[in-house]
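One structure is given here, and the rest of the page talks about it.
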Amino acid sequence: MVVGDAVYVVDCGNGVARQLALAGLRLGALRGVFVTHHHSDHNADYGNLLLLAWAADLRSPVGTWGPPPLKRMTRQFLRMNDVDIRTRIADEGRADPATLIRAHELRAGGEVMRDERVRVRAAVVEHPPLRPAFAYRFDSADRSVVFSGDTRPSAALIELARGADVLVHEVMYLPALEKLIASEPQAARLRQHLLDSHTTAEQVGRVASEAGVKTLVLNHFVPGGDAALTDAVWRAAVAPHFKGELVIGRDLLEV
Ligand SMILES: [Zn+2]
Ligand SMILES: [Zn+2]
């Protein structure tokens, strides 16, 4: 989320700092990091993003929010990188990152943060076995954007997303998954696990319709890397259930 000259990041999967650079955004413009839950495809580069921003041109405080143990993770990450941090403080006269980075742990939904540009609210979503997992809503002067994180269809998310301009939602394509897991001995159990923690293409269309959002952006495609799952396939699976604008998300896409 870019609001004016401030950058807010939702989730820190592999390569998030590099993607920001490729998107033409300055790491030092980072003002907030919002982690939805602690699966590695959402948090693996949480510490790296902060460290690389600090080593680049970060001069202003950055708030981070997410489920526990976010404070401990932040502390331990800084400790792990103690050599680099102490060297740069002594050598380059940098501020201690521990004073710039302010981690906050969330245990429930509600207002998370408010600054002069944006108001952020969270809802607890359903992504077992990880509890809590959050969706986030950003309201700025000109737009409201909601990020689902990983979740099965969630009433709390629909409430959070009510009337939003943009809903960025995860999606899975069950027929391709069923083919993938067919050879697994526990196929039925695996299928149920996926349905308990993620949202199918049909369901995401219904969620977006029920919430009354203008634009639905699909992301976090499961299964990923399947060349047969073209944009047209995703569109055909969702469009019958959502009449608003439908965007098939891709890396570095600007909405
Ligand atoms: Zn997850
Ligand atoms: Zn995920």
Side-chain angles (χ1 to χ4, degrees), residues 1 8-20 33-49 64-70 72-74 77 105-109 112 122-138 145-158 160-161 166-178 180-181 184 186 189-205 207-208 216-226 229 234 237-238 247-253 255:
M1 265 296 288
Y8 305 89
V9 170
V10 180
D11 281 341
C12 301
N14 183 23
V16 67
R18 184 168 189 273
Q19 293 299 86
L20 283 177
V33 177
F34 301 84
V35 176
T36 60
H37 66 291
H38 292 306
H39 269 142
S40 53
D41 55 321
H42 299 257
N43 76 2
D45 270 359
Y46 165 72
N48 288 337
L49 174 62
T64 73
W65 288 266
L70 194 70
R72 176 158 50 91
M73 290 167 67
T74 308
F77 183 84
E105 291 179 351
L106 302 175
R107 288 174 175 80
V112 170
V124 174
V125 293
E126 305 296 327
H127 188 50
L130 285 174
R131 291 189 182 85
F134 293 102
Y136 294 104
R137 174 174 179 140
F138 293 72
V145 184
V146 179
F147 297 86
S148 70
D150 286 3
T151 182
R152 72 169 174 249
S154 153
L157 170 69
I158 292 169
L160 183 75
V166 179
L167 169 62
V168 181
H169 202 296
E170 68 127 275
V171 65
M172 73 176 168
Y173 191 71
L174 211 48
L177 275 169
E178 281 169 344
L180 264 182
I181 63 177
E184 301 279 336
Q186 307 236 24
R189 210 173 137 237
L190 219 63
R191 183 180 186 280
Q192 193 53 48
H193 164 78
L194 290 165
L195 285 170
D196 286 343
S197 51
H198 292 285
T199 302
T200 67
E202 176 179 337
Q203 287 169 335
V204 74
V207 164
L216 169 62
V217 180
L218 302 179
N219 81 342
H220 193 286
F221 300 89
V222 179
D226 183 338
L229 296 181
W234 290 107
V238 176
V247 177
I248 314 300
R250 289 291 171 232
D251 282 1
L252 298 175
L253 172 78
V255 179

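Only a predicted model underlies this, so the values are computations on that prediction, with no experimental measurement involved. Just follow the structure's listing: the first ligand is 1, and inside any ligand the first atom is 1.
Classified by interplanar angle (parallel below 30°, tilted 30° to 60°, perpendicular above 60°), the ring pair His39/His37 is perpendicular.
Shortest distance from the Zn ion (ligand 2) to Asp150 is reached at OD2 (N/O/S atoms only). Considering just the N/O/S atoms of Asp41, the one nearest the Zn ion (ligand 2) carries the name OD2. For the Zn ion (ligand 1), the nearest N, O or S atom contributed by His39 is named ND1.
Between Thr36 and Pro67 the shortest heavy-atom distance is O-CG, 3.7 Å. What you find for Pro223 and Trp234 is that their closest heavy atoms are O-CZ2, 4.5 Å.
Taking 2.8 Å as the criterion, His42 counts as a coordinating residue of the Zn ion (ligand 2), since one of its N, O or S atoms falls below it.
Side chain of Glu126 to main chain of Ser154: no donor-acceptor pair is present (N/O by atom type, distance under 3.5 Å, no hydrogens or angles).
Seen from the Zn ion (ligand 1), atom NE2 of His37 and atom NE2 of His127 lie 100° apart in angle, a value rounded to 10°.
The line from CG of Leu194 to OG1 of Thr200 is 11.5 Å long, rounded to the nearest 0.5 Å.
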